[in-house]
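Everything on this sheet refers to the single structure shown next.
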Amino acid sequence: MYYRPWQFYNAMRLVEEYGAGNKVFFGSDFPATTTGDSIRGFRGVNAIVKGTGLPPVSEQLIESIINRDSLEILGIK
């Protein structure tokens, strides 16, 4: 959703506010975009609110979603 920055920001703020970060998996949206572009977009989620006074999505949440082992969580070897 990074290519829809306002919706993505709001979705991630809700994830953070509800404490649901452990229920979110990273997905690249391939083939619509590349994994690298999706990671850069995810890490840039706060760009839309920079300088506005709106709360950012925490870097800890962003990195925990990007770096979690989704296959292990799903029990896939």
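The nearest pair of heavy atoms linking Phe42 to Tyr2 is N-CB, 4.2 Å. Summarising the geometry of Ser58 relative to Glu16, their closest heavy-atom pair is OG-OE2, 2.7 Å, with the distance given to 0.1 Å. Of all non-hydrogen atoms in Ser38 and Asp29, the two that sit nearest each other are OG-N, 4.5 Å. Taking all atoms of both residues into account, the shortest heavy-atom contact from Tyr9 to Val45 is CA-CG2, 3.8 Å. Nearest heavy atom pair, residue Val49 against residue Pro55, reads CG2-O, 4.4 Å.
In the hydrophobic cluster analysis, where Ile, Leu, Val, Met, Phe, Trp and Tyr join through side-chain heavy atoms closer than 4.5 angstrom, Phe8 is grouped together with Trp6.
Here Ile39 contributes atom CD1 and Ile62 contributes atom CD1; the two are 12.5 Å apart, rounded to the nearest 0.5 Å. Of the inter-residue distances, the one linking Arg40 atom CZ with Thr34 atom OG1 reads 6.0 Å to the nearest 0.5 angstrom. Here CD1 of Ile65 is found 9.0 Å from CG of Asn22. Values are rounded to the nearest 0.5 Å. With rounding to the nearest 0.5 Å, the separation of CG in Leu61 from CZ in Arg13 is 9.5 Å.
The neighbour count for Gln60 CD, taken as heavy atoms of other residues, nucleotides or ligands under 6.0 Å away, does not exceed 12.
Counting side-chain heavy-atom gaps under 4.5 Å among Ile, Leu, Val, Met, Phe, Trp and Tyr, the cluster of Ile76 also holds Phe25, Leu71, Ile73, Leu74.
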* How far apart are the C-alpha atoms of Asn46 and Glu59, what are their side-chain angles, what is the distance that settles it, and do they pass the side-chain contact (heavy atoms from CB on, under 4.5 Å) test? -> CA-CA 9 Å; Asn46 292 314; Glu59 296 296 320; 3.6 Å; yes
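A salt bridge links Arg43 to Glu63: one of the charged nitrogens lies within less than 4.0 Å of a carboxylate oxygen.
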